Engineer: 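Dumping the structure here so I can ask a few things about it.
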Protein chains: 2
Amino acid sequence: MPVPMSYTQIADDLADRIKSGEYPPGSKLPSYNELSTLYSVHFGTIARVIALLRDRGVVIGSPGRGTFVPD
Amino acid sequence: MPVPMSYTQIADDLADRIKSGEYPPGSKLPSYNELSTLYSVHFGTIARVIALLRDRGVVIGSPGRGTFVPD
DNA sequence: AGTAATTTGTTCGTATGTATC
DNA sequence: AGATACATACGAACAAATTAC
């Protein structure tokens, strides 16, 4: 089994993907459950990643709707 | 029982205390265990608070030594 | 109209690793 | 060698908002 990425690495990876245009402004990121599958980590780890990106202003979370890249 | 502060509120409270001079540059913050007692929250919640303040550059953690206010 | 499912968000408990004293 | 302290992750539970049917 490969060593899973740490939450900071996942945060940096997601930030890079957003910056590169993979997730353009206004777009919706995969759900927590999808991200936890994509990165093979626990749900709570993804929640921590998103919380970090939120604090950095990289994404905006909207309970019940999703996580979005600000315009 | 009083409603406990959320981890963001605790982070803001600590940041305010640092800014006000209660924890001057170079000083050492209370340990995770002490903070979790002070704020009546779980150890893991304090770890999350410190992680947030670390990301903001407000504190620097040093495993085995403590958490410090940068100069 | 109303219930169930989905999604974000927080917290506790526990375990483990690493560094320092 | 042992105790202390920071740091990360998993599992589980729960709340609140939204969406789907």
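Since this is a predicted model, take the numbers as computed values, not measurements. Within every chain, numbering begins at 1; the chains are lettered A, B, ... in the order of the sequence lines, protein sequences first and strands thereafter.
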Engineer: Taking the nucleotide of DNA chain D with the closest heavy atom to each, which residue, B:A47 or B:N33, is nearer the 5' end?
Structural biologist: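 Taking each residue's closest nucleotide, the earlier one in sequence belongs to B:N33.
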
Engineer: Without decimals, in angstroms, what is the distance between B:Y39 OH and C:dT10 P?
Structural biologist: 18 Å

Engineer: What's the closest nucleotide to the A:R48 side chain, out of C:dT11, C:dG9, D:dT8?
Structural biologist: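 That would be D:dT8.
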
Engineer: Let's see if you can work this out: which of D:dA9, C:dG9, D:dA7 has an atom nearest to the side-chain heavy atoms of A:T45?
Structural biologist: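 Taking heavy atoms from C-beta onward, the closest nucleotide is D:dA9.
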
Engineer: Nearest to the side chain of A:S31, heavy atoms from C-beta on, is which of D:dC6, C:dT20, C:dT8?
Structural biologist: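 Comparing D:dC6, C:dT20, C:dT8 against the side chain of A:S31, the answer is C:dT8.
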
Engineer: Nearest to the side chain of A:Y7, which nucleotide is it out of C:dT8, D:dA7, D:dA9?
Structural biologist: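 Selected nucleotide: D:dA9.
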
Engineer: Using a heavy-atom cut-off of under 4.0 Å over every strand shown, decide if A:G61 touches base, sugar-phosphate, or nothing.
Structural biologist: sugar-phosphate

Engineer: What nucleotide among C:dT8, D:dC10, C:dA19 has an atom nearest to a side-chain atom of A:V41?
Structural biologist: D:dC10

Engineer: What is the separation between atom NE2 on B:H42 and atom P on D:dT8, rounded to the nearest whole Å?
Structural biologist: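 To the nearest whole Å, that distance equals 16 Å.
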
Engineer: Let me know the distance between CD1 of A:I60 and C1' of D:dA17, rounded to the nearest Å.
Structural biologist: 16 Å

Engineer: Would you give the length of the straight line joining atom CD1 of B:I46 to atom CD1 of B:I10, rounded to the nearest 0.5 angstrom?
Structural biologist: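 Here the interatomic distance stands at 4.5 Å.
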
Engineer: Between B:S62 and D:dC6, is there a contact of a side-chain N or O with OP1 or OP2 at under 4.0 Å?
Structural biologist: no

Engineer: Phosphate oxygens OP1/OP2 of C:dT10: is one of them under 4.0 Å from a side-chain N or O of A:R54?
Structural biologist: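 Looking at the OP1 and OP2 atoms of C:dT10, one of them is under 4.0 Å from a side-chain N or O of A:R54.
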
Engineer: Can you tell me how far P of D:dA3 sits from OH of B:Y32, to the nearest Å?
Structural biologist: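 The answer, rounded to whole Å, is 22 Å.
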
Engineer: Starting at CG of A:L53 and ending at P of C:dT8, how long is that distance when rounded to a whole Å?
Structural biologist: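 Answer to the nearest Å: 13 Å.
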
Engineer: Using atom CZ of A:F43 as one end and atom P of D:dA13 as the other, report the distance to the nearest whole Å.
Structural biologist: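 Computing the A:F43:CZ to D:dA13:P distance gives 14 Å.
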
